[in-house]
Amino acid sequence: MLIYEGTKDNFLTSVEQDTIAVEIENKIYERMHRHTAKNEFRAWENSMEYMYKVLNDQDIPSDAGIAIEYNIPQTSMRVDFLISGYGKKEDANVVLIELKQWDELEEVPGRDGLVETYTGNAIRQVVHPSYQAWSYAMMITDYNASVQEGMVSIFPCAYLHNYRRHEQDPLDAEQYKTYLEDAPAFTRGEVTKLRNFIKKSIRIGDNKELIYKIDTGRIKPSKSLQDSIAKMLKGNREFIMLDEQKVVYEEILNEARLSAKDSKKRVIVVKGGPGTGKSVVAVNLLAELTKEDQFCQYTSKNAAPRNVYREKLKGSIRKSSIDNLFKSSGIYTEAENNVVDTILVDEAHRLNEKSDRYYNIGENQIKEIIHAAKCSVFFLDESQRVTLKDIGSVGEIRKWAEKEKAQITEMELVSQFRCNGSDGYLAWLDNTLGIRDTANFDMKGINYDIRILDSPTKMQELIIERNRTSNNRARILAGYCWDWKKEGKNNPAVYDIQIGDFKISWNLKNTTTYAIDEDSIHEAGCIHTSQGLEFDYVGVIIGDDMRYENGRVITDFNKRARTDDSLKGIKKMYKENPDRAKKEADEIIKNTYRTLMTRGMKGCYVYCTDQRLADYLKECLEIGKSEDEK
């Protein structure tokens, strides 16, 4: 969607007359019905003055096309600045510029393409400007038929006009080299360099022709993207579908094809407990539908599964347009109706109403996803709701599907491929923790390695050994009862969790793939870095938020860490409605431990800070065993 569009002459005149920011603001309201924040308005005023200086060069053609805040079709991504025209050989070119107000940043070791800077009134980790510019260019190239068929080349770069570069600058750190090569970053005092970059590609004006061509181009995945994901999936044993998974996959594939053909809305709900293969089905659908020319995206609220599955597909490739297939569930707040062919929502139970880091954008993620897609597929397990903000349920999905007049199909994956091929362990766990009554009072006949250990050190030793023999498929997880120390976020020598002589750090913030990083065996993951993922073995530390008292398992939300937002607002709720607060907190805390204790396909080793809970769990394991088994 074009917001501001014109020629270079139009742009220069608007800046000279001090109307450019107002023009952009008015166009955004006219086309997106969105009001502009004051800080965004000021940013335009500032950045456009700098772009005026850059473009005020007679060698840049006066009728070159200009687009500002260009909304990439069928996404909520907005490109700051585009310049279109032709090169010396009349080749069609577009220069894409990502503008930044930043005046300083720090590199983030170990995290691909991320930097740390002050933005949004706080120090945050965000993508490197060159990565952002490159990824936007790849998104347009990979999905726009006009670019693919018209042989339009896109040249991305970043312009940090307030940033003073110096020797050994973190902006230029070695870890960002691959992105800087494809999308150079220009800084304060480098107007001439940026002009020269533009003039390499834009020598003849196009009077906005190429920008219009891109904006109206049909959306379809490029052949190179189709080939890449097919090649990455082929032969990857982790994504081979079995039995019931294949049946569900084929049914969803058929529904998605029908929606692409007749443009009728279809909503599919796939229920399934831990280990039923929901993610395996989702990734296979992503590959096949992309191969069939559909604009298809895998989305989730929690970043952990997106990051891990993306990395598993990419393998050793650091820079790949595969990244654009995996998106956050909060990107559809401004999406138009039916702009995406198929959206595959993994871990749909984790969806929220509001989006963004402050939870203040949009109305309802379920509504927005259904609205944006011709076919939306929600994979969920209602027993994995682990924060007060989680709204994903079959009922909520049905409600919004009916409002969008969508055809609704419900399916279920039952066979447990995790937990050693049996759902008996899950039933025992639900009964034991008091989540629901089942007939599974014991583990008799259930082939699953569950152990309750008296020492966290012993648990750690066992998990490290299991990790060594299981090809890096064991991890230590813990309930969120220990604060995440600020000074230790990137330092494994800072121990957040201390129990007697036992010490361990929470998983480090300088990586997004804790679940598959080799060194993370020496760190503890939490619910947010492990949900939606699976291992062969897990060691789980149950903290003081779940104990055994007066003959039953009880929970205590006051024992959760201050740095945990899962139960944010529970104390206020408790003052207003104590019974509701206790019920909500009890469900979330028990669901959290149920989720942690079902991440292991083959075994789970548990340490409890509450000795009575440990004794109770041991007793439940002993029930039904013969004297020889005890």
Side-chain angles (χ1 to χ4, degrees), residues 119-126 299-306 328-331 333 347-368 380-393 396 435 477-489 496-497 506-509 512 514 524-532 541-547 554-596 609:
T119 182
N121 299 315
I123 299 293
R124 304 184 189 283
Q125 288 187 3
V126 294
T299 186
S300 67
K301 160 65 172 62
N302 192 5
R306 289 199 311 272
S328 163
S329 57
I331 71 165
T333 56
E347 300 290 299
H349 39 269
R350 293 298 317 277
L351 294 175
N352 296 160
E353 286 190 341
K354 303 288 186 178
S355 298
D356 196 45
R357 60 173 68 97
Y358 299 117
Y359 299 100
N360 61 355
I361 292 178
E363 180 184 351
N364 182 294
Q365 290 185 348
I366 295 172
K367 173 191 175 181
E368 289 152 5
L380 83 164
D381 176 3
E382 291 179 314
S383 296
Q384 289 194 48
R385 176 180 179 248
V386 295
T387 83
L388 284 178
K389 289 186 171 69
D390 294 351
I391 63 165
S393 68
E396 186 76 3
I435 294 173
L477 309 174
Y480 210 156
C481 296
W482 292 268
D483 286 341
W484 213 306
K485 297 177 182 176
K486 186 177 181 180
E487 66 272 20
K489 286 185 177 180
D496 307 281
I497 301 172
W506 281 119
N507 60 272
L508 304 183
K509 288 286 189 178
T512 58
Y514 157 81
C526 69
I527 186 65
H528 307 302
T529 49
S530 60
Q531 190 171 24
I541 301 172
I542 298 178
D544 288 344
D545 59 343
M546 192 164 77
R547 306 189 296 273
I554 64 111
T555 58
D556 184 351
F557 63 79
N558 291 300
K559 298 298 183 181
R560 300 281 276 206
R562 290 169 300 175
T563 52
D564 177 31
D565 287 338
S566 301
L567 290 170
K568 191 173 183 178
I570 195 69
K571 291 184 179 179
K572 181 176 183 291
M573 185 190 297
Y574 183 77
K575 288 180 181 178
E576 297 169 354
N577 190 333
D579 290 340
R580 181 191 168 201
K582 286 180 181 178
K583 184 175 182 296
E584 291 265 358
D586 188 70
E587 178 187 349
I588 287 168
I589 292 171
K590 286 182 177 178
N591 280 354
T592 297
Y593 283 115
R594 180 188 190 270
T595 302
L596 295 179
T609 58

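Starting from 1, each residue takes its place in the sequence as its number. Bear in mind the structure is a predicted one, so any value in this text is a computation, not a measurement.
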Is any side-chain heavy atom of Arg350 closer than 4.5 Å to one of Val386? yes

If I compare all heavy atoms of Ala561 with all of Asp483, which pair ends up nearest, and what's the gap? CB-OD1, 3.3 Å

For Trp506 and Ala524 the tightest heavy-atom approach is CE3-O, 3.2 Å

Answer whether the closest heavy-atom distance between the side chains of Thr563 and Tyr480 falls below 4.5 Å. yes

Counting C-beta onward and ignoring hydrogens, is there a side-chain heavy-atom pair between Asn558 and Lys571 closer than 4.5 Å? yes

Less than 4.5 Å apart, any side-chain heavy atom of Ser566 and any of His528? yes

Exactly one candidate in Ile527, Thr555, Ile542 meets side chain to side chain contact (heavy atoms under 4.5 Å, CB included) with Thr592; the answer is Ile527

Determine the sole option in Lys389, Lys590, Arg385 for which the salt bridge (Lys or Arg N to Asp or Glu O under 4.0 Å) test with Glu584 is passed. Arg385

Can you find a heavy atom in the side chain of Ser328 that is under 4.5 Å from one in the side chain of Arg306? yes

Are Ile589 and Arg560 side-chain neighbours, meaning at least one heavy-atom pair lies under 4.5 Å? yes

Less than 4.5 Å apart, any side-chain heavy atom of Glu347 and any of Asn302? no

Of all heavy-atom pairs between Asn352 and Lys301, which one has the smallest distance, and what is that distance? OD1-CE, 2.7 Å

Is atom NZ of Lys485 surrounded by more than 12 heavy atoms (other residues, nucleotides or ligands) closer than 6.0 Å? yes

So for atom NZ, which belongs to Lys354, do other residues, nucleotides or ligands contribute more than 12 heavy atoms lying within a distance under 6.0 Å? yes

Minimal non-hydrogen separation, Gly543 against Cys481, with atom names: CA-SG, 3.8 Å

Minimum side-chain heavy-atom gap Lys559-Thr609 below 4.5 Å: no

Between Gly330 and Thr333, which heavy-atom pair has the shortest distance, and what is it? O-CG2, 3.6 Å

Correct closest heavy-atom pair for Gly392 and Ile366 would be CA-CD1, 4.2 Å

